[in-house]
There are 2 protein chains.
Amino acid sequence: MVLFDLLGRRWALGILWNLSAEALTFRELQSRCDTVSPTVLNTRLKELRTAGLVEKAESGYVLTGAGTALFQHLEPLGDWAADWTRSL
Amino acid sequence: MVLFDLLGRRWALGILWNLSAEALTFRELQSRCDTVSPTVLNTRLKELRTAGLVEKAESGYVLTGAGTALFQHLEPLGDWAADWTRSL
DNA sequence: TCATGTCGCTATTAAAAACGTAGCAATATC
DNA sequence: GATATTGCTACGTTTTTAATAGCGACATGA
């Protein structure tokens, strides 16, 4: 499963999550992701870009069509996660 | 996002995926996961078990109720991933 | 024009995680 | 008692992530 390999890297899911709402600059993204190191952020962004899930726009980094489609499958997971976290 | 932190670790998604269909023993799981090292597999299993997503049964490792619920949200992602992989 | 600030990102060094292989203890099978 | 399988640990190596500093490009304002 190629996708799981890509998403199973640190911050990959978080980056998609944060970009889903709005375009973010590198530094904005960095501060949203609980201070991920710039090295890792840049590496993940490169990976996500070559995977065609994220791209660069004037306003910053944004999800591509594929990225948005992926997020739509990921989104219900967020709601579920909230309940689940509470039950730990 | 606690869930993303847990799932954003190597093999975590793959383990859930493989356990979704049937119960698997440690070694079965190991061979399904493209020869993940036993060290990592055991670490992931511990994490997933304390997270209440996976548990041990007679027949091997299985998803808990929460694990199954999570997988149901994850499943459509698999179909999507197949199409997406093709379009790379 | 020159200081000041922000931005995207690289460099570097250190710590943590994952890998790969060997193998042990326990249980089952013969 | 010999052999095999299972779950898992040990351990040395490689890869990934973290943490921090800071550079070059560009904007702003004095």
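Keep in mind that this is a model prediction, so the values were computed, not measured. Values reported hereafter were calculated over all heavy atoms of this structure, with side chains retained and with hydrogens, waters and symmetry mates removed. Order of the sequence lines sets the chain letters (A, B, ...), proteins ahead of strands, with each chain counted from 1.
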Interatomic distance, [X] [atom1] vs [N] [atom2] [rounded to whole Å]:
X       : N      : atom1 : atom2 : value
A:Glu58 : D:dA27 : CD    : C1'   : 16 Å
A:Asp34 : D:dT17 : CG    : P     : 16 Å
A:Leu29 : C:dG8  : CG    : P     : 10 Å
B:Leu13 : C:dA18 : CG    : C1'   : 16 Å
B:Arg9  : C:dA17 : CZ    : P     : 7 Å
A:Leu41 : C:dT10 : CG    : C1'   : 13 Å
B:Arg10 : D:dT15 : CZ    : P     : 12 Å

**Message:** Can you see if the side chain of A:Arg44 gets near the phosphate of D:dT17 - specifically, an N or O under 4.0 Å from OP1 or OP2?
**Reply:**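 Yes, A:Arg44 has a side-chain N/O under 4.0 Å of OP1/OP2 on D:dT17.
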
**Heavy-atom protein contacts under 4.0 Å, nucleotides 4-9 of chain D, coded B base, S sugar-phosphate only, - none** = --BBBB

**Item:** A:Phe4/B:Trp11 aromatic ring centres below 6.0 Å
**Value:**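 Centroid distance A:Phe4-B:Trp11: not below 6.0 Å, so no.
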
**Request:** With sequence neighbours excluded, tell me which residues meet side-chain hydrogen bond (donor to acceptor under 3.5 Å, both in side chains) with A:Gln72.
**Result:**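 Partners of A:Gln72 under the side-chain hydrogen bond (donor to acceptor under 3.5 Å, both in side chains) test: none.
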
**Prompt:** What residues form a side-chain hydrogen bond (donor to acceptor under 3.5 Å, both in side chains) with B:Thr25, not counting sequence neighbours?
**Reply:**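 Only B:Glu28 meet the side-chain hydrogen bond (donor to acceptor under 3.5 Å, both in side chains) criterion with B:Thr25.
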
**Asked** What are the two closest non-hydrogen atoms of A:Ala66 and B:Trp80, and how far apart are they?
**Response**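 Closest approach of A:Ala66 to B:Trp80: O-CZ2, 3.3 Å.
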
**Asked** What's the shortest heavy-atom distance between A:Ser59 and A:Val62, and which atoms?
**Response**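 What the structure gives for the nearest pair is OG-CG1, 4.4 Å.
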
**Item:** Side chain B:Arg44, main chain B:Arg10, donor-acceptor under 3.5 Å
**Value:**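 The answer is yes, because a donor-acceptor pair under 3.5 Å joins these two groups.
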
